[in-house]
**Student:** 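One structure follows; several queries about it will come next.
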Amino acid sequence: MSASAIVARMSNASPRLSSLDLNLLVALDALLRERSVTSAGRRIGLSQPAMSHALSRLRELLGDPILAREGRVMRHTALAERLAPQVRRLLGEIEATLLGHRAFVPARAAHVPRRDERSLRRRARPRGARAHPRRGAARRARAARAPRRSAGARARAR
């Protein structure tokens with residue numbers, strides 16, 4: 001079954017591609033690799049119930065159980081065996097198309113990032129000005145109310 005046949009089969013369940021959840025391809029790939037709902041969920045960051053729901057949606061969409069329990073293990077159905085390499089290829093192509101441009105090469109960067117806001121505020125402050133004038137005032141007020149201690153008493157208090 002070709003990639004277009006997969007999309008066509010998925011399209012039979014709904015009239016338009018835009019109504020399909022393409023995250024189901026990621027779930028299908030994880031299920032086919034792991035052969036376990038729990039492990040597949042861990043692989044893509046979903047809980048076991050969420051992954052189980054994705055499997056039921058895939059089963060309904062494809063009209064096939066995809067994974068069938070045989071004793072204590074899950075086995076691929078014939079359709080799942082045929083789909084596995086094509087799903088991997090499709091996901092690879094999608095990733096390369098959508099995420100392949102994300103490699104950052106400083107020499108080719110068109111935009112130079114600005115300094116963070118904090119450093120800009122620091123530069124905007126006049127020399128000698130406090131960052132938080134109220135904090136300084138509160139500290140001075142506390143110091144004025146506190147009884148004066150000698151240097152030896154201050155050292156012992158630490």
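Computed over heavy atoms, backbone and side chain alike; hydrogens, waters and symmetry mates excluded.
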**Student:** Do the side chains of Arg89 and Pro85 get nearer than 4.5 Å, heavy atoms only?
**Tutor:**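 Of all side-chain heavy-atom pairs linking Arg89 with Pro85, none is under 4.5 Å.
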
**Student:** Val26 and side chain to side chain contact (heavy atoms under 4.5 Å, CB included): which partner among Ile94, Leu91, Leu46?
**Tutor:**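 Of all the options given, the one that passes is Leu91.
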
**Student:** On a heavy-atom basis, which atom in Arg59 and which in Pro65 lie closest, and how many Å separate them?
**Tutor:** NE-O, 2.7 Å

**Student:** Can a donor-acceptor pair be found, under 3.5 Å and without considering hydrogens, that links the side chain of Ser52 to the backbone of Gln48?
**Tutor:** no

**Student:** Who pairs with Ala84 by side chain to side chain contact (heavy atoms under 4.5 Å, CB included), at least two apart in sequence or on another chain?
**Tutor:**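 So Ala84 forms a side chain to side chain contact (heavy atoms under 4.5 Å, CB included) with Leu32, Arg88.
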
**Student:** What are the two closest heavy atoms between Leu31 and Val37, and how far apart are they?
**Tutor:** CD2-CA, 4.0 Å

**Student:** Can you tell me which residue pairs pass the side-chain hydrogen bond (donor to acceptor under 3.5 Å, both in side chains) test with a partner in residues 69-81, sequence neighbours excluded?
**Tutor:**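 Listed by first then second residue: Arg35-His76, Asp64-Thr77, Glu70-Arg75, His76-Glu81.
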
**Student:** Once rounded to the nearest 0.5 Å, what's the spacing between atom CG of Leu58 and atom CG of Leu62?
**Tutor:**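 Between Leu58 CG and Leu62 CG, I get 6.0 Å after rounding to 0.5 Å.
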
**Student:** Side chains of Leu83 and Ile66: does their closest heavy-atom pair fall under 4.5 Å?
**Tutor:**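 Side chain of Leu83 against side chain of Ile66, heavy atoms only: no contact under 4.5 Å found.
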
**Student:** From Arg57 CZ over to Asn23 CG, what is the distance, rounded to the nearest 0.5 angstrom?
**Tutor:**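 If we round to the nearest 0.5 Å, Arg57:CZ and Asn23:CG are 8.5 Å apart.
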
**Student:** Say whether, by atom type as modelled, one donor and one acceptor occur between the side chain of Ser56 and the main chain of His53 under 3.5 angstrom.
**Tutor:**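 Yes, Ser56 side chain to His53 backbone: donor-acceptor pair under 3.5 Å.
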
**Student:** Looking at CD of Glu34 and CG of Leu67, how far apart are the two atoms once the value is rounded to the nearest 0.5 Å?
**Tutor:**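 Nearest 0.5 Å value for the CD-CG distance: 11.0 Å.
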
**Student:** Over all heavy atoms of both residues, which pair between Ala40 and Met51 is shortest? Give the atoms and the distance, please.
**Tutor:** CB-CE, 3.8 Å

**Student:** Applying side-chain hydrogen bond (donor to acceptor under 3.5 Å, both in side chains), can you list everything that pairs with Arg33, at least two apart in sequence or on another chain?
**Tutor:**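 Arg33: side-chain hydrogen bond (donor to acceptor under 3.5 Å, both in side chains) contacts with Asp29.
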
